[in-house]
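Here's the structure we're looking at; comments come further down.
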Amino acid sequence: MTAAPAPIIRVEHLFKRFGALEVLRDVSLTVARSEVLCVIGPSGSGKSTLLRAIAFLEPYSTGRIYIEDTLLGFVEQNGKLVPDRPRNIDRTRRHLGMVFQQFNLWPHMTTLRNVSEALVLVKRIARGAAEETARTMLAKVGLADKADTYPSRLSGGQQQRVAIARALAMEPQVLLFDEPTSSLDPELVGEVLQVMKQLAAEGMTMIVVTHEMGFAAEVADRVLFMDAGAIVEHGPANQLFRTPHSERLKQFLQTWKERNLIGL
Amino acid sequence: MSFDPSLYIQYGPALLNGFLYTVLSLALANPLAILVGLVIALLQSLSLPPLRWACRSYIHFIRGTPLLIQLFLLYYCGPTVGVRLDALTAGVLGLGANGGAYFAEIFRAGFESIPKGQVEAARMLGLTPWQVLTRVKLPQMLVLITPPSVNQVIIIVKETAILSILTVPELTKAAIRMVGETSAIIEPYVALAAAFWLLVEATSRLGRRLERRVARHL
């Protein structure tokens, strides 16, 4: 037996408080290379906050997050956590790419510019080469013909695919998805999930906060169910969906099934 | 009372000289006001309570007192605290400091109009705060802030007339002097009004071109 490879992401005893409110309570998890982890749970369960903490868009209160074995956002001094310098945070963050619920494309730039801008500004790649990479990425998400279009002329599904291309162009080790299909019309969800499935098949490491149970069941290596800021249950998708242990998860899945039956 | 155009030939050089001082004043005061406004708006957005408070106080002081009094304070009371400025410098600094407070409010509205998510996306891609400002925020803000900014520039253009009270030899001063020396009233003030109208018209034309330019992506 060989030792398990070191995880890309390690979260240890994470707490996040807004004043007296505990949004994350003692969350620990690891993500291995090429693993797809789906995080499900009711709204307000803290799943988006967890993802944003891993991206360090929300500084965490206590605990530790390691990205590729580097402590994220803080440095340890005499056993205490001191905020790290922004430059170091940026460097650690470079392993991560993020896709948001609201796409967050820059409306004043063409699609091509949206995807190539960070390559030029951050990676210092020449404009021409950066645009070439950007075209490759746009082709990958099926939008090669939309390079010169502004985001306002694209559908939500297309915008989200551009956002995925933009994140991919930076060659992150891990892609974080924060409810990537939640603000899409139902008929546009499929095209985004299709791109995500393709990425998973190619071995991209992904953490996906989602309400798409079908996607979780099909693509996730592991599913994590959160409620009230804590991980209630986690395991392989099959196990979690077929034989849930906790009452809370059973109830959550039941509600979801009922809603979908009505949908039929 | 008759209109005597020959006065313009006699006072042409004096009026032109005044006009150049007016142009100089507005050409210095406007960029200064925009710079002051941008700096205040940026400091305010840092969400450091003491800094915020200082910026708000500044804006409240400027908006709460007349420009003329602020200029008097700077020019006439300045020397008692060791700040000795010539009239033009005091005038330009005063207009810049005053206009800056108004620009700060325009820019603040601009900054607040950018969805937070766009900034987060930029930060996740590794853009520095400076790059976020110059590549993401400012270009988009321009659409929103250009019309009120053009308005503010026009106000400052016209406010340069007040510098005549500080003895800056700008156009208004030259016109008043012409009134004193010739007892003619219509000719000097018509020339004055026409010159300002010309400057404002030029400014608003430039403004409209700028508006079209910054809205290209919409």
Side-chain angles (χ1 to χ4, degrees), chain A residues 48 51-52 54-58 86-87 89-111 113-124 148-153 159-160 162-172 174-178 183, chain B residues 38 41-52 106-150 207-218:
Chain A
S48 277
L51 199 74
R52 290 171 58 80
I54 293 173
F56 210 67
L57 291 172
E58 306 273 6
R87 181 193 297 257
I89 296 173
D90 279 349
R91 192 179 308 144
T92 312
R93 248 201 209 127
R94 207 161 292 182
H95 298 294
L96 309 172
M98 186 142 174
V99 175
F100 300 84
Q101 183 179 346
Q102 300 298 338
F103 330 134
N104 294 338
L105 295 177
W106 302 311
H108 58 301
M109 296 183 195
T110 61
T111 298
R113 191 77 185 232
N114 262 283
V115 181
S116 61
E117 192 71 354
L119 292 171
V120 175
L121 294 178
V122 180
K123 289 203 164 180
R124 303 277 165 209
D148 299 317
T149 310
Y150 284 100
S152 57
R153 301 260 183 275
Q159 288 191 49
Q160 192 60 298
V162 173
I164 293 172
R166 179 172 69 172
L168 274 182
M170 298 299 282
E171 299 180 310
V174 184
L175 269 185
L176 310 175
F177 291 85
D178 188 6
S183 55
Chain B
L38 192 57
L42 281 174
L43 291 178
Q44 266 191 299
S45 70
L46 289 181
S47 64
L48 293 170
L51 217 51
R52 246 186 111 76
I106 294 172
F107 294 151
R108 184 172 63 89
F111 281 127
E112 286 171 2
S113 76
I114 308 294
K116 225 178 95 213
Q118 283 188 33
V119 177
E120 290 182 344
R123 300 292 290 142
M124 285 309 293
L125 291 163
L127 271 69
T128 62
W130 175 254
Q131 288 169 336
V132 173
L133 175 68
T134 56
R135 305 300 179 120
V136 177
K137 288 182 180 171
L138 286 178
Q140 291 187 70
M141 278 168 57
L142 286 178
V143 180
L144 189 78
I145 66 175
T146 299
S149 294
V150 170
R208 273 201 296 278
R209 272 174 66 172
L210 193 63
E211 268 178 57
R212 276 199 294 274
R213 222 186 118 84
V214 297
R216 266 178 314 190
H217 66 279
L218 295 178

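This one's a predicted model, so the numbers in the text were calculated from it and none came from an experiment. By convention in this document, chain letters (A, B, ...) are assigned in the order of the sequence lines, proteins followed by strands, and residues within each chain are numbered from 1.
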One option among P115(B), P129(B), A122(B) has the most heavy-atom pairs under 4.5 Å with chain A, and it is A122(B)

_When you measure from the side chain of H108(A) to the backbone of M141(B), do you find a donor-acceptor pair of N or O atoms at a distance under 3.5 Å?_
no

- Check: L121(A) main-chain N/O paired with Q131(B) side-chain donor or acceptor under 3.5 Å: yes

Whatever's closer than 4.5 Å to a heavy atom in chain B on Q101(A) counts as neither

Less than 4.5 Å apart, any side-chain heavy atom of Q102(A) and any of K116(B)? no

For E171(A), look at atom CD and say whether over 12 heavy atoms of other residues, nucleotides or ligands are found less than 6.0 Å away.
-> no

Is any side-chain heavy atom of M124(B) less than 4.5 Å from a side-chain heavy atom of F100(A)? yes

Rounded to the nearest 0.5 angstrom, the CZ-CZ distance for F56(A) and R123(B) is 11.0 Å

The interface call for L105(A) against chain B, heavy-atom contacts under 4.5 Å, is backbone

Applying a strict 4.5 Å limit to non-hydrogen atoms, the region of A163(A) in contact with chain B is neither

Bottom line for R91(A): the part with an atom under 4.5 Å from chain B's heavy atoms is neither

Is there a side-chain contact between E120(B) and M98(A), using heavy atoms and a 4.5 Å cut-off?
no

Of the listed L96(A), D90(A), V99(A), the one with the largest count of heavy-atom pairs under 4.5 Å with chain B is D90(A)

Between A118(A) and L125(B), the two heavy atoms sitting closest are CB-CB, 3.8 Å

When the 4.5 angstrom heavy-atom criterion is applied to Q118(B) and chain A, the contacting part is both

